[in-house]
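In what follows, a structure is listed as structure tokens, so that the remarks can point back to it.
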Amino acid sequence: MHIAKAFLSVLKRDVTVAFRHRNEIFNPLLFFSLVTLLFPLGIGPSPKLLQTIAPGILWVAALLAALLAADNLFRSDYEDGTLEQLVLSPQPLSLMVTAKVLAHWLVSAVPLLLLTPLLAVSFGLDAPTIGVALLTLLLGTPVLSFVGAIGVALTVSLKRSGMLLALLVLPLYVPVLIFGSNAIDTAASGLPVNGQLYLLAAMLVLAVTLAPLAIAAALKMSVSQ
Amino acid sequence: MHIAKAFLSVLKRDVTVAFRHRNEIFNPLLFFSLVTLLFPLGIGPSPKLLQTIAPGILWVAALLAALLAADNLFRSDYEDGTLEQLVLSPQPLSLMVTAKVLAHWLVSAVPLLLLTPLLAVSFGLDAPTIGVALLTLLLGTPVLSFVGAIGVALTVSLKRSGMLLALLVLPLYVPVLIFGSNAIDTAASGLPVNGQLYLLAAMLVLAVTLAPLAIAAALKMSVSQ
Amino acid sequence: MNSNASHVNSVAMKNPGFFTRWFHRMASPVWFYQISGKLLPWLWVLFAVLLVTGLYGGLVTAPADYQQGDSFRIIYVHVPAAWMSMFVYMVMAVSGAIALIWRMKLAEMVMVSCAPIGAGFTFIALVTGSLWGKPMWGAWWVWDARLTAELILLFLYLGVIGLYSAIEDKRMASRAVAILALVGIVNIPIIHYSVEWWNTLHQGATVTKFDKPSIHIDMLIPLLLMAGAFKVFFAISLLLRTRNELLERELPRQWVKQLVEEKDG
Amino acid sequence: MRLDVVGLHCTRGYRSLFSELAFTLEAGQLLLVEGHNGSGKTTLLKTLAGLREPDAGQVLWEQQQPIVWLGHSNGIKDDLTALENLQMMQVMAGADSLLRRDAKSCISTLERMGLAGNGHRFPRHFSAGMKRRLALCRLLLSSACLWILDEPQAALDKAGIQLFEALLAEHLAQGGSAIMTSHHHVGLQGSHIQRLLLAA
Amino acid sequence: MRLDVVGLHCTRGYRSLFSELAFTLEAGQLLLVEGHNGSGKTTLLKTLAGLREPDAGQVLWEQQQPIVWLGHSNGIKDDLTALENLQMMQVMAGADSLLRRDAKSCISTLERMGLAGNGHRFPRHFSAGMKRRLALCRLLLSSACLWILDEPQAALDKAGIQLFEALLAEHLAQGGSAIMTSHHHVGLQGSHIQRLLLAA
Ligand code: HEM
Ligand SMILES: Nc1ncnc2c1ncn2[C@@H]1O[C@H](COP(=O)(O)OP(=O)(O)OP(=O)(O)O)[C@@H](O)[C@H]1O
Ligand SMILES: Nc1ncnc2c1ncn2[C@@H]1O[C@H](COP(=O)(O)OP(=O)(O)OP(=O)(O)O)[C@@H](O)[C@H]1O
Ligand SMILES: [Mg+2]
Ligand SMILES: [Mg+2]
């Protein structure tokens, strides 16, 4: 019972902090839409072409937004010393960490899901495809959050880690990207996408069960430097 | 004379620090290539399609790499208090700042220029087009560095600025992106690109002369909080 | 006595099976240093034999391919290197797991030594592949699934190397790298099955189909010999690197000092 | 409740800071770790707290027992109000203190530490000494027996230092024990105070 | 060379910290700014140094004259060796000190601050006190008349504090002036010491 309370306290704390800094909620959103908009600018306005590459662009933008947002995950906790306190706390670390990642996902990815239909329409995708796009993002973005958290936990003690984080995390994001965008693509040509969705769901289960252990271990390592 | 010495000292110091952290040089490079390769993964392997969108992808990747790298520019100086010392120093601030941005460009963008031909070949661009791509990057990336530095100077006192920075800076990057990728596109269809290149050069001149003043003012503001 | 070593001790005392006893001995740096020193010359000999016979078979005896002519011969470097790129990753991940669970220093060093070697093999696979791709597909590089996946493997290795060099305390760094290597395992099946999942340009399984390899036996044997040569080469470079790492880390220890004195004397 | 340290050895880089360090700390005792700048005090304290692994030797202390740790950094969040910070401290302090978790105890804690009226302000608007005072609130909110404190008086004014010494004396009198470093004079006396001089 | 402060008023948020503050500091004088935690010492010092703008009033000091500023943070770079840090300090100290920029003076400065042998180490491997000592080197490397120091003794051990006081006394004797805050006892005496008590 106490553990559940602690879990909820941490969750609530992190969401509160994020709402205090409204940036934290709007920025991933804006980043996501800006990156999506950069492509029509960089590539040119041909609607046919844009429709073809839309799934890829949506997912790449989601992935980069997740990556940039992840950097906040433990950094401030490390710098102000609360991470030390978290590691030394008698509460189970992997659970506390799950609460933090969950809060992070709620704050940084859910708004992005809400925006997706709008962006998808602007690229000329149709309704069923947009549904699939949402579903893949719903299954995929938590995986991105958990995997990103591992990378952050590993690099949080390093001064300038933004780029190293990208290097560590992007290769791990690739499977999600492939199945996610492939599902949308397939849906756009009217074929069933159960296979990809099951795979994404499997990745999600794997991430939720195993990543917290890795994150906890990595944080302990980072704090001891 | 003293001022020139101080300029060179700052330049040398920043390049030294970057070389100490070898990451700093390799990571933008790796990030650049990783982002470039996310697209084929997300969009699918069709060589024709990839060739069409290659200029856009190259420039968007360069832009994001510049953005992420920019974040390092004054942050550590702010955190360890050397920025206060820089602002209080009798040396002219806008000059010292120019040295820092120049060092940053040398370290983060030049390696990226060297990698571009390789990536361009992998997307199937031909030699003259690659030449133009390089030229646009050579003219455009310093603009990105200077403009990015303004954003960083404005946000450096904020705890979690990654996203806010993106928001401030990406809209300013858009003109560079448009002319840069458009020039490559035009070159790929065998047309002359003098117009775009002159425009990019004009932007560069503007950025080098005006940005340092804006950066210096923004830093003074950030330090006084 | 080192606290970690004493931890291994207590594990060994609870269930003193053969495996754990062997494990405990493996954990001793001195023992490893001596044994590996004795093993190395034999490995060099084995490597030379495999390499020479493999190359002779591949470049001289094997018939030219009826489609590809002689250019197919690059297979004798490409395929073993590609296999090794994945195999080395597995070795790295497994020793990472051992390092994390049993806190075994030697496993840490093996893991760390794997990364540059693996990156090297991956690089060779990429280069030979794209050399081969030019005559076969008309382009140095296509964004085919397997090729991309192999490129990502290279990035995984670079990530490991980058992380290890970024963290200064090497014991911490190895723990970090072990976590990363374990997490990165997910990419290995993706590289292997990419061809089936996307069915793209790259060759499907030709050798690794167990029922009936779709490759001529005269081509197959040199390929296997070369694969063996690459494995031995990996073993050699792994031992050399690990020994280096070991000396560097144990620098303040008595046995290293003695060693240096012997060399000097 | 006792802490046993046996044959402790710590290195930083290739430099050995101390070796074969051994001591025992019983209930009600205070260990003052002394030494010049760079002698290894922080390293020792982190090792005792379990944040670092020793290079050799052992720290024997009940694994499940919580401790209070205060390092050079305060461990408070700038974006939570002072009161919310205290509530998080209670949650982190572990299961049993959750029971007595209530807003009143937090407010009285703030008052006791001289931060009355600052409960709804954010620590990012606090001065260096006010932040340290807030961090020291965790001494009052946790029921842990062992305190490990690295220069707790840093940035405190004279009144703050006295306050801290009163808290420490009370904790020791109640059978708690503490390990701390300090470059300040510590105004406690008695046979329950041990001193450990690190001289690397 | 004198510093005149007239009708100074500073606020933080909506709170007024001090107002109508006025004083004059002449060559050879030391101003000790005192006050409890949160009374506004750091804010005052930053305003005097020119890092903040006052809400009202003026700080009169020759604009072009360099000063030495040492705040709560050390202003040293973790990725440059101690010696390289000193060289940067010299460059930043301004034009005239560039003339006497040489490696030898840096080495002797390090020795004087008790960091001999650490010249080629990186400050990220220093303890808290060693970092503060390195930061204090700028006192020796600059020829500025005015020092503004915020708790310079923080994290220093006893020997370090004595060293600092000797430097300060020497600076004052040579006609320099200084403004500092400190929660430590400052062991200097004389009529050239002014005290300013902030009590918000
Ligand atoms: C840069 C380009 C290339 C890369 C990165 C690459 C990568 C790989 C990899 C990773 C494997 C191991 C697959 C596994 O065992 O699961 C492999 C095997 C193989 N590759 Fe390539 N390859 C490239 C180009 C080529 C080309 C152009 C050919 C010839 C047309 C080719 C023919 C083969 C063959 C025959 C195998 C053995 C397949 C098996 O039995 O598993 N590769 N390659
Ligand atoms: N991260 C680090 N990496 C390598 N060496 C370090 C690191 N931190 C500290 N050291 C070295 O370890 C030694 C002890 O440092 P420590 O911080 O434990 O000293 P301390 O006794 O707490 O000093 P202070 O009184 O200044 O706080 C110092 O000589 C320092 O150079
Ligand atoms: N960034 C800030 N924003 C708003 N208020 C602040 C900020 N920094 C400090 N304050 C407030 O200003 C007052 C004075 O702070 P200051 O840091 O100047 O105190 P100080 O005298 O240096 O204290 P200490 O002895 O603890 O260092 C405090 O009451 C504090 O709450
Ligand atoms: Mg210390
Ligand atoms: Mg202060």
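So you know, we letter chains A, B, ... as the sequences are listed, proteins then strands, and number each from 1.
- Proximity to chain A is absent for every atom of B:L58, based on heavy atoms less than 4.5 angstrom apart.
- Ranked by heavy-atom pairs under 4.5 Å with chain B, the list A:V35, A:L37, A:I57, A:L170 is led by A:L170.
- The two residues B:G42 and A:S181 make their nearest non-hydrogen contact at O-OG, 3.2 Å.
- We find the CG-CG distance between A:L177 and B:L41 to be 5.5 Å, quoted to the nearest 0.5 Å.
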- Item | Residue pair A:L67, B:F31: steps toward the side-chain contact (heavy atoms from CB on, under 4.5 Å) verdict | CA-CA 12 Å; A:L67 182 72; B:F31 180 79; 4.1 Å; yes
Show every donor-acceptor pair shorter than 3.5 Å between a side-chain atom in residues 111-132 of chain B and any protein atom, with sequence neighbours excluded, or say none if there are none.
unit_1: B:T116; atom_1: OG1; unit_2: B:L112; atom_2: O; d: 2.8
unit_1: B:S122; atom_1: OG; unit_2: B:L119; atom_2: O; d: 2.7
unit_1: B:D126; atom_1: OD1; unit_2: B:T129; atom_2: N; d: 3.4
unit_1: B:D126; atom_1: OD1; unit_2: B:T129; atom_2: OG1; d: 2.2

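- In this structure, chain B has a heavy atom under 4.5 Å from the side chain of A:T52, while its backbone stays farther away.
- Options A:D185, A:I53, A:L63 differ in how many heavy-atom pairs under 4.5 Å they form with chain B, and the most are formed by A:I53.
- Contacts between B:A69 and chain A at a heavy-atom distance below 4.5 Å involve backbone atoms as well as side-chain atoms.
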